[in-house]
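To keep things clear, I will list the structure first and then write my remarks on it.
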Amino acid sequence: MQLFSVPRQCHITLQTFMVLLVLCRSCVFAGNGTKACKLIHESQSERKVLDRLEPLVNKNFTFDQTEGEDSYTYVFQLCGDAGGVPQAGAIQVNKKDKKIKKIGLYTLTKAVGGSDWVMLIYDGGDKYDHHCSQKNRTAMVMISCDKNVDMGNFKVILEDREREHDCFYLFELDSSAVCPAVQSQLSAGSIILIIGFCLMAVYLIGGFLYQRLIVRAKGMEQFPNYAFWVEVGNLTADGCDFVCRSKNREASPGSRGVTTEPLEEEPEERDDHLLPM
């Protein structure tokens with residue numbers, strides 16, 4: 001029993017080691033993201049365009065197409081093995097004979113981007129048999145902005161192979177990943193005003209409900225801190241009257257009409273002493 005126990009333990013250990021190695025390798029490749037794409041001409045601008053597509057990494061996009069008697073399935077993956085085919089970013093699968101043709105390699109990538117679109121180009125696909133001077137296939141994926149979907153439908157627009165060279169497959173995909181970031185149009189003053197109005201609304205509504213439901217106030221007294229605000233209004237009016245008026249409000253004597261106040265009676269003069277005795 002001991003003779004066979006050692007090799008068996010070694011075999012189990014070797015299997016465990018291989019599984020861990022495969023898992024580590026898959027984790028490394030999964031963590032690469034868009035860095036797995038090898039640019040034909042490495043540049044910082046193209047690398048930034050690829051970084052915008054990070055949400056689309058590690059996802060297979062498929063599209064079925066029928067042309068007469070032929071039926072194909074197209075598979076696209078961003079910076080990953082499409083359909084499990086090594087280095088293939090886009091492939092074409094013939095449904096009849098199950099033959100796979102590489103349309104483009106993500107190890108030969110070009111990336112061009114605008115404000116709301118990205119054009120991803122995979123070069124180095126399999127050569128044509130009879131078309132395009134037997135040049136290599138090229139996959140061009142137009143990724144357009146659509147704020148309503150994270151990943152839209154992937155579809156084939158056309159295959160242009162009736163030329164001497166630079167033939168290509170054109171694909172289309174909608175995604176919110178390439179949409180420009182929405183910038184706030186509100187200034188600091190506008191934000192402060194909005195916060196002020198919100199606080200005022202909370203004060204008025206909350207105070208009204210408190211006065212009506214808790215204090216059981218009626219009429220104008222339902223207004224929160226009614227006595228305080230009435231006094232503030234009177235003081236403000238008095239201050240405005242004091243600052244803005246330059247003359248006394250009483251009319252001058254010359255412009256008075258008939259006075260409304262009763263005139264003070266003059267004391268009666270007695271002249272009895274002038275009469276002869």
Side-chain angles (χ1 to χ4, degrees), residues 32-67 70-85 87-95 100-128 131-132 135-182:
N32 283 339
T34 56
K35 294 181 181 179
C37 280
K38 305 300 181 183
L39 295 172
I40 297 176
H41 302 289
E42 185 69 34
S43 66
Q44 188 175 3
S45 60
E46 288 193 56
R47 187 57 63 180
K48 287 182 178 180
V49 173
L50 283 175
D51 291 340
R52 294 170 58 185
L53 304 177
E54 191 71 32
L56 305 179
V57 173
N58 298 325
K59 295 177 177 62
N60 275 324
F61 300 90
T62 60
F63 178 76
D64 295 326
Q65 184 182 51
T66 301
E67 297 179 355
D70 297 326
S71 183
Y72 302 98
T73 297
Y74 293 90
V75 184
F76 162 71
Q77 186 173 152
L78 179 67
C79 302
D81 299 336
V85 180
Q87 299 185 356
I91 61 173
Q92 180 192 62
V93 182
N94 193 320
K95 291 185 177 181
I100 298 176
K101 292 183 179 179
K102 298 178 184 179
I103 303 177
L105 308 179
Y106 63 84
T107 54
L108 297 173
T109 302
K110 298 177 184 176
V112 182
S115 60
D116 58 352
W117 59 272
V118 169
M119 176 67 78
L120 189 67
I121 303 173
Y122 289 151
D123 284 334
D126 292 339
K127 294 182 178 181
Y128 283 96
H131 301 280
C132 199
K135 300 293 184 179
N136 296 89
R137 291 175 169 83
T138 297
M140 303 177 66
V141 184
M142 184 67 183
I143 305 174
S144 304
C145 168
D146 189 345
K147 297 180 180 180
N148 299 322
V149 293
D150 294 334
M151 290 170 288
N153 295 325
F154 173 75
K155 56 185 177 181
V156 181
I157 302 301
L158 62 91
E159 178 189 2
D160 189 355
R161 61 182 184 181
E162 304 300 328
R163 55 172 66 190
E164 295 296 327
H165 51 80
D166 296 332
C167 300
F168 62 90
Y169 291 77
L170 180 61
F171 302 93
E172 186 180 61
L173 175 66
D174 294 331
S175 174
S176 60
V178 298
C179 294
V182 179

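These numbers come from a predicted model, not from an experiment.
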Practice task
Report yes if the side chains of Glu172 and Phe63 come closer than 4.5 Å at any heavy-atom pair, otherwise no.
Solution key: no
Problem - Shortest non-hydrogen separation from Pro55 to Ala177 and the atoms involved - result: CG-CB, 4.0 Å
Handout entry: Heavy-atom pair of closest approach, residues Val75 and Ala82
Key = O-CB, 3.7 Å
Exercise for the section: Return yes when atom CD of Glu46 has more than 12 non-hydrogen atoms of other residues, nucleotides or ligands closer than 6.0 Å, and no otherwise. Expected result: yes
Problem - Close side-chain approach of Lys127 to Lys135, heavy-atom, < 4.5 Å - result: no
Fill in the blank from the handout: Between Gly83 and Ile91 the two heavy atoms that sit nearest each other are CA-CD1, 4.1 Å
Practice task
Answer yes or no: is there an ion pair linking Arg163 with Asp166, defined by an N-O contact shorter than 4.0 Å?
Solution key: no
Exercise for the section: Please round to the nearest 0.5 Å and tell me the distance separating atom CG of Leu170 and atom CD of Glu159. Expected result: 11.0 Å
Exercise for the section: Answer yes or no: are there more than 12 heavy-atom neighbours, outside Asn153 itself, under 6.0 Å from its atom CG? Expected result: no
Practice task
Give me the ring orientation class for Tyr122 and Phe76: parallel if the planes are under 30° apart, tilted from 30 to 60°, perpendicular past 60°.
Solution key: tilted
Completion exercise
Correct closest heavy-atom pair for Asn60 and Gln77 would be OD1-NE2, 2.7 Å
Practice task
Report yes if some heavy atom in the side chain of Tyr106 is under 4.5 Å from a heavy atom in the side chain of Lys38; otherwise report no.
Solution key: no
Exercise for the section: Answer whether the closest heavy-atom distance between the side chains of Ser175 and Ile143 falls below 4.5 Å. Expected result: yes
Handout entry: Pairwise distance CG(Asp174) to NZ(Lys147) - rounded to 0.5 angstrom
Key = 14.0 Å
Practice task
Could you tell me whether the side chain of Tyr72 reaches within less than 4.5 Å of the side chain of Glu67, counting heavy atoms only?
Solution key: yes
Practice task
Dump the intermediate steps for side-chain hydrogen bond (donor to acceptor under 3.5 Å, both in side chains) on Arg137 and Tyr169, then the final yes or no.
Solution key: CA-CA 8 Å; Arg137 291 175 169 83; Tyr169 291 77; 3.3 Å; yes
Practice task
Report, as yes or no, whether the 6.0 Å neighbourhood of atom NZ on Lys48 holds more than 12 heavy atoms from other residues, nucleotides or ligands.
Solution key: no
Problem - Ring center gap for Phe171 and Tyr74 short of 6.0 angstrom - result: yes
Practice task
Evaluate side chain to side chain contact (heavy atoms under 4.5 Å, CB included) for Ile103 paired with Thr138, printing each intermediate quantity in order.
Solution key: CA-CA 6 Å; Ile103 303 177; Thr138 297; over 6 Å; no
Handout entry: Side chain to side chain, Tyr128 and Cys167, heavy atoms closer than 4.5 Å
Key = yes
Handout entry: Residue Glu164 excluded, over 12 heavy atoms near CD under 6.0 Å
Key = no
Completion exercise
What one should report as the nearest heavy-atom pair of Glu54 and Thr34 is OE1-OG1, 3.1 Å
Practice task
Find out whether Thr109 and Thr107 are in side-chain contact, i.e. whether some heavy atom of one side chain is under 4.5 Å from a heavy atom of the other.
Solution key: no
Exercise for the section: Find the distance between OG (Ser71) and CG (Asp64) and round it off to the nearest 0.5 Å. Expected result: 6.5 Å
Handout entry: Gap between atom CG of Leu108 and atom CD of Gln87 - 0.5 Å precision
Key = 8.5 Å
Practice task
Would you mind reporting whether Leu39 and Lys110 have side-chain heavy atoms less than 4.5 Å apart?
Solution key: no
Problem - Electrostatic pair Lys95-Asp70, nearest N-O below 4.0 angstrom - result: no
Fill in the blank from the handout: So CG of Leu120 and CG of Leu56: to nearest 0.5 Å the spacing works out to 10.0 Å
Problem - Sidechain-backbone polar pair: Asn136 side chain, Gly125 backbone, donor-acceptor under 3.5 Å - result: yes
Handout entry: Approximate separation, where rounding is to 0.5 Å, of Met119 CE and Met142 CE
Key = 5.0 Å
Problem - Test side-chain contact (heavy atoms from CB on, under 4.5 Å) applied to Val118 and Val178, Val141, Leu50, the passing residue - result: Val178
Exercise for the section: Provide the closest heavy-atom pair for Ile100 versus Asp126 in the form atom of the first, atom of the second, distance. Expected result: O-OD2, 4.2 Å
